[in-house]
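All remarks here apply to the structure that follows.
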Amino acid sequence: MIPTPHINVSEQGVIAETVLMPGDPLRAKFIAETYLENPVQFNSVRNMFGFTGTYKGKKVSVMGSGMGMPSIGIYSYELLNFYGVKNIIRIGSCGAIQEDVKIRDIIIGMSASTTSNYASQYNLPGTYAPTASWPLMKKALTIAENKAIPVKVGNILSADIFYDDEPEVWKRWARMGVLAIEMEAAALYMNAARAGANAICILTVSDSLVSHEATSAEERQTSFTNMMEIALELA
Ligand SMILES: Nc1nc2c(nc(Br)n2[C@@H]2O[C@H](CO)[C@@H](O)[C@H]2O)c(=O)[nH]1
């Protein structure tokens, strides 16, 4: 059923089997123009830009996911179920909730706890654990090691709320060892698992709820070089 309601592509093969997904479509444009050879734009529906090009000769696509699980839930579902995408690599930003997780650190989400009800659609008789795909995790860690890029790997929280009415609620998640908060990974991991495909979430820490430090919006968009190198090599 293509084109899908949110991606205006009518042929298979226009979108690569591996798609990088930043939250911000402007960051997808920046990545395509900065890192890909011969990038071709394939989507502009609702300004959720998507591009396909090559990186070191490998075909790869990059497309914005939007903020929040409803948004990444729509785009990743269509990519995985209607466009033959096999691997989705979320590249994003997050807020640290551990003392030893500093701004600009790189985190890979081994699992994604969540406050979302996204899993309720599967009617499971228990608590599902949204988990990154091991083949992508193994390769990402090898790439990071070879490039001497330090990464922290662990449980992250995919929240539905950015401005929580109880501002200190993150401390309860921190007590459980959760490294950082973002708003997309859990839905991506569930969609990928349900589609028999692979997904991973590589994040740069752009703010800390512990130290109250934050990087500027400009820094968020352009200074994620290390994360990009891992993600592109992984693709
Ligand atoms: N809920 C939440 N999301 C965050 C935070 N820091 C960052 Br960057 N994010 C991510 O950035 C966007 C919100 O600014 C969302 O897409 C989240 O994934 C944070 O402290 N909390």
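Counting begins at 1 with the first residue of the sequence. Atoms within a ligand are numbered from 1 in the order they appear, just like the ligands themselves. Below, all heavy atoms of this structure are taken into account, side chains as well, without hydrogens, waters or symmetry copies.
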Which ligand 1 atoms does [X] reach within 4.0 Å, using its non-hydrogen atoms?
X	result
G95	5 (C), 6 (N), 7 (C), 20 (O)
F162	1 (N), 2 (C), 3 (N), 4 (C), 5 (C), 13 (C), 14 (O), 19 (C), 21 (N)
S93	8 (Br), 10 (C), 18 (O)
I161	1 (N)
R90	18 (O)

Practice problem: Could you say whether the N/O atoms of M67 and ligand 1 ever approach to under 3.5 Å? | Solution: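 No: no nitrogen or oxygen of M67 is under 3.5 Å from one in ligand 1.
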Quiz item: Do any nitrogen or oxygen atoms of E184 lie less than 3.5 angstrom from nitrogen or oxygen atoms of ligand 1?
Solution: yes
Quiz prompt | Option among L179, I97, I181 that satisfies the side-chain contact (heavy atoms from CB on, under 4.5 Å) test with L157 | solution = I181
Ligand 1 contacted by [X] (non-hydrogen, < 4.0 Å):
X	result
S206	yes
G23	no
I97	no

Self-check item: Salt bridge present between K102 and E213 (N-O < 4.0 angstrom)
Solution: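 Salt bridge between K102 and E213, a charged N being under 4.0 Å from a carboxylate O: no.
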Exercise. State plainly whether the residues K59 and E17 are in salt-bridge range, i.e. N to O under 4.0 Å.
Key: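 Here K59 does not pair with E17 in a salt bridge, since their nearest N and O are not under 4.0 Å apart.
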Practice problem: Under 4.0 Å, heavy atoms only, figure out whether ligand 1 is touched by the backbone of M69, its side chain, both or neither. | Solution: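 Under 4.0 Å from ligand 1, M69 contributes no heavy atoms.
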Exercise. Could you go through the side chain to side chain contact (heavy atoms under 4.5 Å, CB included) check for M63 and N43 one step at a time?
Key: CA-CA 8 Å; M63 178 174 183; N43 195 53; 3.7 Å; yes
Self-check item: Within one Ile-Leu-Val-Met-Phe-Trp-Tyr cluster: I74 and I72, side-chain cutoff 4.5 Å
Solution: no
Quiz item: Rounded to the nearest 0.5 Å, how far does CE of M137 lie from OG1 of T142?
Solution: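 Answer for the OG1-CE pair, T142 versus M137, is 11.5 Å.
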Practice problem: Show the numbers, then the answer: is there a salt bridge (charged side-chain N to carboxylate O under 4.0 Å, His left out) between E233 and K56? | Solution: CA-CA 9 Å; E233 208 68 38; K56 295 183 181 171; 3.2 Å; yes
Quiz item: With distance as the sole criterion, is a donor-acceptor pair present between the side chains of S61 and T52 under 3.5 Å?
Solution: yes
Quiz item: Heavy atoms only: which of I181, T204, L209 is nearest to atom 21 (N) of ligand 1?
Solution: I181
